[in-house]
There are 6 protein chains.
Amino acid sequence: MNLIGKSGIAVRKVRRADPAAVAQLAKFGVATIHEAMGRTGLLAPYLRPIYKGARVCGTAVTALGHPGDNWMLHVAAETLQDGDVVVFAVSAPDDHGFFGELLATSFRARGGLGLIIDAGVRDISELGEMRFPVWSKAVHAKGTIKATIGSVNTPVMCAGALVNPGDVIVGDDDGVVVVPAAKAAEVARASQAREDKEAATRARLKSGELGLDIYDMRGKLEAAGLKYFDELDQVK
Amino acid sequence: MNLIGKSGIAVRKVRRADPAAVAQLAKFGVATIHEAMGRTGLLAPYLRPIYKGARVCGTAVTALGHPGDNWMLHVAAETLQDGDVVVFAVSAPDDHGFFGELLATSFRARGGLGLIIDAGVRDISELGEMRFPVWSKAVHAKGTIKATIGSVNTPVMCAGALVNPGDVIVGDDDGVVVVPAAKAAEVARASQAREDKEAATRARLKSGELGLDIYDMRGKLEAAGLKYFDELDQVK
Amino acid sequence: MNLIGKSGIAVRKVRRADPAAVAQLAKFGVATIHEAMGRTGLLAPYLRPIYKGARVCGTAVTALGHPGDNWMLHVAAETLQDGDVVVFAVSAPDDHGFFGELLATSFRARGGLGLIIDAGVRDISELGEMRFPVWSKAVHAKGTIKATIGSVNTPVMCAGALVNPGDVIVGDDDGVVVVPAAKAAEVARASQAREDKEAATRARLKSGELGLDIYDMRGKLEAAGLKYFDELDQVK
Amino acid sequence: MNLIGKSGIAVRKVRRADPAAVAQLAKFGVATIHEAMGRTGLLAPYLRPIYKGARVCGTAVTALGHPGDNWMLHVAAETLQDGDVVVFAVSAPDDHGFFGELLATSFRARGGLGLIIDAGVRDISELGEMRFPVWSKAVHAKGTIKATIGSVNTPVMCAGALVNPGDVIVGDDDGVVVVPAAKAAEVARASQAREDKEAATRARLKSGELGLDIYDMRGKLEAAGLKYFDELDQVK
Amino acid sequence: MNLIGKSGIAVRKVRRADPAAVAQLAKFGVATIHEAMGRTGLLAPYLRPIYKGARVCGTAVTALGHPGDNWMLHVAAETLQDGDVVVFAVSAPDDHGFFGELLATSFRARGGLGLIIDAGVRDISELGEMRFPVWSKAVHAKGTIKATIGSVNTPVMCAGALVNPGDVIVGDDDGVVVVPAAKAAEVARASQAREDKEAATRARLKSGELGLDIYDMRGKLEAAGLKYFDELDQVK
Amino acid sequence: MNLIGKSGIAVRKVRRADPAAVAQLAKFGVATIHEAMGRTGLLAPYLRPIYKGARVCGTAVTALGHPGDNWMLHVAAETLQDGDVVVFAVSAPDDHGFFGELLATSFRARGGLGLIIDAGVRDISELGEMRFPVWSKAVHAKGTIKATIGSVNTPVMCAGALVNPGDVIVGDDDGVVVVPAAKAAEVARASQAREDKEAATRARLKSGELGLDIYDMRGKLEAAGLKYFDELDQVK
């Protein structure tokens, strides 16, 4: 049954990704992981970290709320375990400040590592001092009410990506990526392979070798029709 | 008489909020003050500080200008007193860099603490080094002219909020809030009460207690129709 | 012949601005240079530096690519000399992450100082650690392909400004400005003149003198119709 | 007392602008009226009519609601009289479809002429067939709830303009303007004067006379420094 | 297996929703159907019809392409049957004109009724004359290439909604809604029930009865704290 | 000398494109012409016609103004000849209503066919009744002043494209394209060739033939790696 966008459901237990795989993924950046997944899994780039150098890797506890209503973040708090990251979606675009340092205190006390929120956040000075990482669509002091129920730990559409409870969430200065729980180990391996390969390339580039040669591009460029000229004035 | 948006008026004296109340308000964050005012008074969240950790609390000297014309900022400078914050509105949306370090030097010399501007600003490196806080809609190097008169110290509509000269302006990383001068003391008291209450809640949340229990939400959630399931698979 | 927007051309040699003039321009901020050019030359303010305090001054190596395709950045790398800044335009609006730390390593190894890109960038944590300055329209982890040819070292329209290969590019926290190669020395002189004049003004402003008096504005304001009132209540 | 943005108040009686003045204003376009008011009173241009040729002139019944909640539109309906236009503001930016043909049927039955809404609308085909004019920020099929109270017939900030109950609202293809009730007759007269003057100018322009001569601009352009050249090649 | 966003797959046969249910759904508007589905299924409101009065109801043939590349629309054409609507998603935000009257001619010849495209379209005059309905994010004359493969008839994320091949797509002036194939009959019944109920309400509203009474809101408003005043001046 | 963005110059005579070539170009749509120019020349798609079916083809008289100042439109009027289209650029982004029916009356009396404006326009009902076509960035009733000089008949950057006085401007429902005067005849021929070719393709598509076969795409798709499956369930 399709539960995306459906309100009224709170699920207590989450089948989280394998902790060993999560620990492996924690070593890689968002760009690397998204590449290792065949360029899938990115949340929309309008989600930005509230401080430079923010970084998180954990398992998703999901919540769906409504504009201006953060009630479900409290329901989500009860289902948190060590190593979780809350992923909060809203049923319609909204920039209220759904989350601040009080809820961050609660999340951290229950094991929560951070928050991904397709809406606004406030108290960002305090959150920065706590080093509680949040990726949000907006910073807005405007407070929310607790009047309408949404859902907790059902699949959500957050910033254009589908997130299932238990999936791995990685965030850094480049943005946020979601790794399906079942693929965590495989993606960690592919990420490592990519990093290994890049290390070799990096050394060659650092020595002044060109990508044109390393990746053998010259013939392809010529085949594609690129014409070289010595001077701009020589073009036709 | 409705003076909002009206050009051609410069008022020399401002009835500023009570200094003791301003000093009280300086202790609180924008989110707290906005809550203490019944969730009113916020300027639009597109106003962002030019550096992290920017903070200001002072009394408003207001100015209204026109697109690409910063003449009125010079007129405003003459009316500044110690502890003032300039609030600058534009008669139509505009992103020019109306303000830079020269004007900041002038404002500071006359007692100005900072600037709220519904337009662009430049020299932000220098302003950051001076620790002169500015909340602006844009950063833009483009300069302005001095050709058309606006007004100074009349009521202005700035970033969607009505600001009267003498009102208290508080800015931090979360944004900007305006407190009517006559309400400054009352809002300071309500802010303190809110902080006191939050301190108690924070301690409970930090110990792992849940908002669900602290705020007695369980019955209300059930009444609202929230259904709990142990596993996602059990939903229908 | 109009080569703006035309694909398929790679030019090897660039007629760069005079190095002495470039070195002079390196002393000034973007706002000052744009003023010294009669308020021309600014790229659109949506280009933002990836870290605070980023700063670059160098000669333009230009590239034109297509949405989601960063092939031409590799072609551009081969034409880099010490002191160059790559200016990358895209044939249609696009936010992919065209550039990361591998390409930055390559650019730096070939003499490149930085990048201006009318699109997205990734690996911004690593680029920040390298202190490799980039001004971009977006931060996005999404990777690109290498399938369609564009051009290198032809005139490009980047963020609303025309950039010719060899022009001087200056970037700082305020944005980016392009100085035509032939005007570099003249603009450097005008920038110095402006700074000298501003130093004198700054000292007067710092002492509390008003712009109203320094710039002799009082008569002009009166002529323009500005009416002074002592109190707001006195306005009609 | 400042009631802008305050929830919980419903006012039954509205002091409407003088009907004769409203009837006079109905003859003029939005641009003319805004000019006649000294270029004030316009609502933000993101409000667009749902069909070409929409036009309304009436007295404001105001309502303030919350994101995704259209309850107050029903409260407002009870206070409608013949010739009223509902002006609906939301406490935070929101694009839900707050209004459709059922509510339009109700408004019309009670005397309502149209709606100005700083949010979304739906059923626009049906509303177009009914010729019920609406100016909105968005078209969106998404429905709203009725859970949180706002206010009715208090002053509201709608699309950046202050609207008091009883003010005159005029909307056409160019947008929406609000005329303070007390100024309705004066603005109607000034609008007529402007139209009379424009009729004379129009005739002269139609005959081929130039604005340069009609408005006597040639000397001013020269004084401002405009230089004429016969050919582009002659410029410097 | 999760195929959303995956390139390289073309599926020939689509399990389309029951034609009788599709025919039933064709009688209802987008707003009604979305309500009948518990307020789910809407595509983002930035998709707008290219002409007023556009309307479509059919079964989805899906395609995924890349920025500036419309190759997959040709692959999709081969799988069209009478009554299909093409739903086109792009792997990254893009506004190119992917579709014009030639492709519309092809689609129509193969049985296609219309297009939903999360990108740009061109030839809109000609498409309007053909009465070939398109809902798009942009109108843009810029043409596309055919260089990179995507997928056809796999699940796609289009304008924020998940669309499976064979689902029912309904579009009108209010936007676009997707009905899962398996739920088409049920949603059609619920839509009819809603319309029946609305017809009765409409008649009462038309006679001047108020929603306050029809929906029995007066007690709830009082319980929620709404205070009535006769005059605005009486408010505290 | 680079005159783009430079104020203070008014050029009386324009070297217009050959009238025969302009007449040829008038037969083609914007999309066709842009294709015939190698996909160059389009102005940004945010320029939209003020009424459906608007269409213009003429020679450019250019003007550069400043935010909120339409003075140069009057200077431009004097240089109009039969068959001209005014192209108006602004020195910084701005949405004021620079143009209305009075100026349209003047332009038409002097031979002007239409207006392309990278800013706002007003009186759109009246302009629609006059069938005076305008492509603008915004519709806004807000009026402008006449205080600062710009330029007339110098090269301008309008909506991201370079327009020289005398170039051919074509506008339709798809947007606006500029054809360099010297290329007008060549582009008209290439447009005709494209239309002839499309006519043949259209007939084949109308008969049900597929683009896949007409353009011989099947082998290329296979080479690019597209895999066909009969059913979605068969995909791995």
Side-chain angles (χ1 to χ4, degrees), chain A residues 29-36 38-49 52-55 170-177 194 197-199 201-215 217-218 220-236, chain C residues 1 3 6-15 50-52 70-75 77-78 80 95-97 100-111 120-129 138-155 164-166:
Chain A
V30 166
T32 297
I33 292 170
H34 134 85
E35 292 283 352
R39 299 195 167 167
T40 61
L42 285 178
L43 278 67
Y46 61 71
L47 292 187
R48 297 300 302 146
K52 269 291 184 110
R55 181 160 175 82
V170 184
D172 64 16
D173 282 341
D174 285 349
V176 182
V177 68
R194 188 176 165 87
K197 193 173 137 202
E198 286 198 344
T201 307
R202 186 178 297 108
R204 294 176 68 180
L205 291 169
K206 202 164 190 174
S207 75
E209 230 180 313
L210 288 165
L212 290 179
D213 299 311
I214 295 174
Y215 305 118
M217 290 169 171
R218 294 186 192 273
K220 287 169 210 153
L221 285 164
E222 193 183 344
L226 188 68
K227 300 277 175 271
Y228 276 89
F229 300 84
D230 270 353
E231 304 272 356
L232 188 55
D233 296 349
Q234 295 168 353
V235 184
K236 244 136 314 196
Chain C
M1 190 207 175
L3 297 175
K6 206 171 157 66
S7 289
I9 299 161
V11 177
R12 289 199 181 87
K13 293 185 192 163
V14 171
R15 291 185 200 159
I50 58 169
Y51 55 84
K52 270 289 184 113
N70 77 343
W71 210 2
M72 289 304 111
L73 286 172
H74 289 277
V75 176
E78 191 174 28
L80 282 172
D95 284 350
H96 277 79
E101 60 92 12
L102 276 187
L103 265 169
T105 301
S106 176
F107 279 17
R108 178 167 282 177
R110 308 289 296 196
V121 63
R122 60 183 187 175
D123 298 341
I124 65 163
S125 295
E126 293 82 354
L127 293 170
E129 283 159 24
V139 173
H140 198 347
K142 189 161 184 70
T144 49
I145 59 173
K146 294 159 205 354
T148 309
I149 56 170
S151 287
V152 165
N153 287 324
T154 59
N164 285 290

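So you know, we letter chains A, B, ... as the sequences are listed, proteins then strands, and number each from 1.
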Trace of the salt bridge (Lys or Arg N to Asp or Glu O under 4.0 Å) decision for C/Glu126 with A/Arg202 | CA-CA 13 Å; C/Glu126 293 82 354; A/Arg202 186 178 297 108; over 6 Å; no
Let me know if [X] has heavy atoms under 4.5 Å from chain A in its side chain, its backbone, both or neither.
| X | result |
| --- | --- |
| C/Lys146 | side chain |
| C/Leu73 | neither |
| C/Val152 | neither |
| C/Arg110 | side chain |
| C/Ile149 | side chain |
| C/Ala138 | neither |
| C/Tyr51 | both |
| C/Asp123 | both |
| C/Ile145 | both |

Tell me, do [X] and [Y] make a side-chain contact under 4.5 Å, heavy atoms counted?
| X | Y | result |
| --- | --- | --- |
| A/Val176 | A/Val30 | no |
| A/Leu210 | C/His74 | no |
| C/Ile9 | A/Lys227 | no |

Part of [X] within contact of chain C (heavy atom distance under 4.5 Å):
| X | result |
| --- | --- |
| A/Tyr46 | neither |
| A/Leu42 | side chain |
| A/Arg55 | neither |
| A/Asp172 | neither |

Please report the interatomic distance [atom1]([X]) to [atom2]([Y]), rounded to the nearest 0.5 Å.
| X | Y | atom1 | atom2 | value |
| --- | --- | --- | --- | --- |
| C/Asn70 | C/Thr144 | CG | OG1 | 3.0 Å |
| C/Thr105 | C/Leu127 | OG1 | CG | 8.5 Å |
| A/Glu35 | C/Arg122 | CD | CZ | 4.0 Å |
| C/Leu103 | A/Thr201 | CG | OG1 | 11.0 Å |

Only counting residues at least two apart or in another chain, list the ones meeting salt bridge (Lys or Arg N to Asp or Glu O under 4.0 Å) with A/Arg204.
-> A/Glu209
Contacts of C/Arg15 meeting salt bridge (Lys or Arg N to Asp or Glu O under 4.0 Å) (sequence neighbours excluded), chain-then-number -> A/Glu231, A/Asp233
Interface residue of largest heavy-atom contact number with chain C, from A/Met217, A/Lys206, A/Lys220, under 4.5 Å |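 Looking at each option in turn, the highest pair count goes to A/Met217.
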Could you check which of C/Ser125, C/Gly97, C/Gly143 has the highest count of heavy-atom pairs closer than 4.5 Å to chain A?
->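 Option with the greatest count: C/Gly143.
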